[in-house]
Each structure stands twice: as C-alpha cells, then as structure tokens.
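The structure appears right after this line, and notes come after that.
The first residue in the sequence is number 1, and the count goes up from there. Given the structure is predicted, the values throughout are model-derived calculations rather than measurements.
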Amino acid sequence: MHAWAHAPDRRYVQDMADRRAYPSDLSDARWELIEPVLSAWRFERRRRALGFGRPPEHDLREIMNAILYVDRTGVQWRYLPHDFPHWNTVYGYFAKWQADGIFAQLNGLLRELVRQREGRNAEPSACVIDAQSVKTATSIPAKSQGTDAGKKIVGRKRSIVTDTLGLLLAVLVTAASVQDSVAGTQLIDHVATTHASIRKVWVDGGYRRHFVEHAATLGIDLEIVQRTPGTRGFTPIPKRWTVERTYGWLMLHRRLARDYETLPARSEAMIYLAMTDLMARRLTGEATTSWRDPTSPDQLRIPG
C-alpha cells in the first residue's frame, strides 16, 4: 500500500492546529473506529485509477468532520464554516460515499461491535420495523414527495428496521404517500437477504395483514403489536418502544428534523451517518451533548 494511504495531509494538520474543534469533530478514539473503512475506500479508488495519479489533497478525517457538522447542526452545505475544506469538495465526498455504500458499511461495522460489547451475537435474530413521516424543504423535487393522509404531513417517509437494542439494520426513504406495508415489504426482503438470522419481526397496527403473509414466505414470524384500545397520549408499546427510542436518538442530529436532501438515497445516508455517530460515541464512552442547552453540562448517552 502506498505511503500516503494512511499518512496525514500536512495542510490538514496545520488547519486543525489553527482552528478550534467543533463539538461534532471526531475524537481520536472515534476516528480509529471508522478510519480503516475510509482509507480502504480511498486506496481502492486510487488503485483503479491509471498509475494511481497524484496523492490525494484532502484529509479524510477533516472531510468526515465537515459532513458530521452538517448532519449534527443542520446547516446548509454552502454555509459550512470556512475552516473546513470547500463545501463543494465536502459534498462531493458525501455523494461518492453514499453511492459506494460507505455510510451503510460503517453503520453495519459499528453495530456489530456494539452488539458484541453488549454480550449479543453479532447478527440479530429479531427486529422491529417502524415508519416516520417528516416534512421536506422547499427545494425537494415534488415527484419524490407525497401526503401521509393519516398524519396529514406532506413530505417523505422514513421506514427503518432496528434490532432489539434499537440499532439500525436498514432504512428506506420514500414519498410520505407510500403505505407502510409497501415500504416494509422492501425492507423485510432486504433484511432477509442481508441478515439471514432474523426470524422474528414486530410492527405496529399500520401494517396490513398481507405483510404478515409475505414475511411468512421468507421464514419470518411477523407480529403486529396493537395499541391498547382507549389509550391516550404517549404510551410505550411492548417490543416496539425500542424503535421509537431510536427515532429520538436520531433527532439529536438537526439535519434530520426535516428532509433536506434532493435524493432519497442521500436522506438514507444522513440517517446511517447519524446512527454511526451515535454508536461510535457509545463505543468510546463519549457523551452526546443535548441541544436543549448546548452550554450545559447536561449530556445524553445512548442507554444500553
């Protein structure tokens, strides 16, 4: 492997020395968790280029810091602070990493590490599926939006699959008008292919009976967990509260307060990135500062 594959860029070292760290910046411990994946990605891309070309100019850690800054704060790409690499460069890396599946890969790697630390098998045997409709920014193409008639939200729908610890297995972003069972069918097909150990799935009452039948053809027992009749207000539902808690964790990243991404696949990448950030902090014992009062010592950790 070329010497530059893991060597820090001199300009990056100087830039980091000149600027104050942001709360979203990767610590050394968190960078060690994700650096091998990003370095392998860069090496493979350079290997495919004729003669390898010249050494890369941008440090991967600072690029990831900039992307995390966007995900955590919700700032527009063009409003990235000037002490990061140029926003167009940062967005270019984000788009390439999304297209090459890097964010999903990082999520899978860290999820296995968290599960093993919790004394679980690396691969789960049960999962939960849920959907969340969110409003979209005015810049989002109308053809990728829809209306969730039940929740009266015009925008997109995020359907996610988590294990019983609330860790992300898969995500699918669609128009809000897409029925939960339709998105859920795509997700359960994906899960059956990528996580062959899954044998049990819990969903809420918004999913149709034919979804249960489809899961059975895959050898998966899908159970619809209904809300207790007459219940008012928020009440945790057995088996399903873990996925609702996951949505709460994800909302610590302001970029997810709405859907700002032009392409649904990049919305999915932002969700994978948020979960990767949360799991990396969990693995290194670092807290996630609550946005309720950023100056307060009050901090939030992902519970076990």
Side-chain angles (χ1 to χ4, degrees), residues 5 8-9 11-12 15-16 19 21-27 30-31 33-46 48-49 56-111 134 136-141 144 156 158 160 168 170-174 249-281 288:
D9 176 42
R11 287 191 303 175
Y12 163 73
D15 289 345
M16 285 296 290
R19 78 167 175 86
Y22 295 105
S24 55
D25 282 355
L26 290 163
S27 65
R30 281 185 284 137
W31 173 239
L33 289 171
I34 69 174
E35 181 273 334
V37 172
L38 299 185
S39 290
W41 171 84
R42 168 169 277 176
F43 179 77
E44 181 59 24
R45 284 183 68 89
R46 301 296 296 180
R48 293 199 301 263
E57 296 181 0
H58 301 286
D59 184 89
L60 295 176
R61 180 171 177 177
E62 191 67 341
I63 294 292
M64 180 58 84
N65 280 338
I67 296 173
L68 283 169
Y69 185 93
V70 171
D71 201 28
R72 191 71 174 86
T73 67
V75 69
Q76 297 177 46
W77 291 102
R78 292 176 182 267
Y79 284 75
L80 267 173
H82 295 305
D83 46 10
F84 283 126
H86 191 274
W87 74 267
N88 206 20
T89 297
V90 174
Y91 184 77
Y93 272 88
F94 171 72
K96 292 173 185 174
W97 287 346
Q98 174 267 309
D100 291 344
I102 295 300
F103 297 112
Q105 183 181 348
L106 286 170
N107 177 80
L109 172 65
L110 268 60
R111 182 187 64 247
V134 293
T136 47
T138 55
S139 59
I140 301 302
S144 69
R156 285 179 176 161
R158 300 164 178 162
I160 66 173
L168 191 64
V171 57
L172 178 66
V173 174
T174 64
W249 292 343
L250 293 173
M251 287 304 106
L252 290 172
H253 296 74
R254 285 187 169 186
R255 188 75 178 187
L256 303 183
R258 282 179 179 256
D259 194 325
Y260 293 98
E261 315 310 322
T262 302
L263 300 177
R266 292 185 184 161
S267 298
E268 295 165 7
M270 279 293 180
I271 294 170
Y272 278 124
L273 177 63
M275 199 67 203
T276 296
D277 183 39
L278 291 163
M279 290 188 293
R281 291 179 182 274
T288 300

Distance, nearest 0.5 Å, that separates [atom1] of [X] from [atom2] of [Y]:
X    : Y    : atom1 : atom2 : result
L38  : M64  : CG    : CE    : 4.5 Å
L273 : I34  : CG    : CD1   : 8.5 Å
I67  : R255 : CD1   : CZ    : 11.5 Å
R111 : M275 : CZ    : CE    : 9.5 Å
L168 : L110 : CG    : CG    : 12.0 Å

Nearest non-hydrogen partners of [X] and [Y], listed with the distance:
X    : Y    : value
L80  : A66  : CD2-O, 3.7 Å
D83  : E62  : O-OE2, 3.8 Å
S267 : V173 : CB-CG2, 3.9 Å
Q98  : A265 : NE2-CB, 3.4 Å
H58  : P85  : ND1-CB, 4.3 Å

Does the side chain of [X] reach to within under 4.5 Å of the side chain of [Y], using non-hydrogen atoms?
X    : Y    : answer
W41  : Y93  : yes
H253 : L278 : yes
L172 : E268 : yes
V70  : Q76  : no
Y272 : L106 : no
T174 : R156 : no
V171 : N107 : no
E35  : L60  : no

Between [X] and [Y], is there a donor-acceptor pair closer than 3.5 Å when you use the side chain of the first and the backbone of the second?
X    : Y    : value
R78  : W87  : no
S144 : P141 : yes
D259 : A137 : no
D277 : L68  : no

(message) Tell me whether D100 is salt-bridged to K96, with the criterion being a basic N under 4.0 Å from an acidic carboxylate O.
(response)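 Between K96 and D100 there is no salt bridge, as every charged N stays at least 4.0 Å from the carboxylate O atoms.
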(message) Between R61 and D25, does any NZ, NE, NH1 or NH2 come within less than 4.0 Å of an OD or OE carboxylate oxygen?
(response)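 No, no charged N to carboxylate O under 4.0 Å.
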(message) Walk me through whether Y260 and R266 qualify under side-chain hydrogen bond (donor to acceptor under 3.5 Å, both in side chains).
(response) CA-CA 9 Å; Y260 293 98; R266 292 185 184 161; over 6 Å; no
(request) Please lay out, stage by stage, how V37 and Q105 fare under the test side-chain contact (heavy atoms from CB on, under 4.5 Å). (result) CA-CA 8 Å; V37 172; Q105 183 181 348; 3.8 Å; yes
(request) Describe, in one word, how the ring planes of F94 and W77 are oriented to each other, choosing from parallel (under 30°), tilted (30 to 60°) and perpendicular (over 60°). (result)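 Tilted: the ring planes of F94 and W77 meet at 30° to 60°.
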(message) Please enumerate all residues that pass salt bridge (charged side-chain N to carboxylate O under 4.0 Å, His left out) together with R158, with sequence neighbours excluded.
(response)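 For R158, no residue satisfies salt bridge (charged side-chain N to carboxylate O under 4.0 Å, His left out) once neighbours in sequence are set aside.
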(request) Under the ring pair (Phe, Tyr, Trp, His ring centres under 6.0 Å) rule, collect the residues that match up with F84, sequence neighbours excluded. (result)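 For F84 the ring pair (Phe, Tyr, Trp, His ring centres under 6.0 Å) partners, ignoring immediate neighbours, are Y22, Y69.
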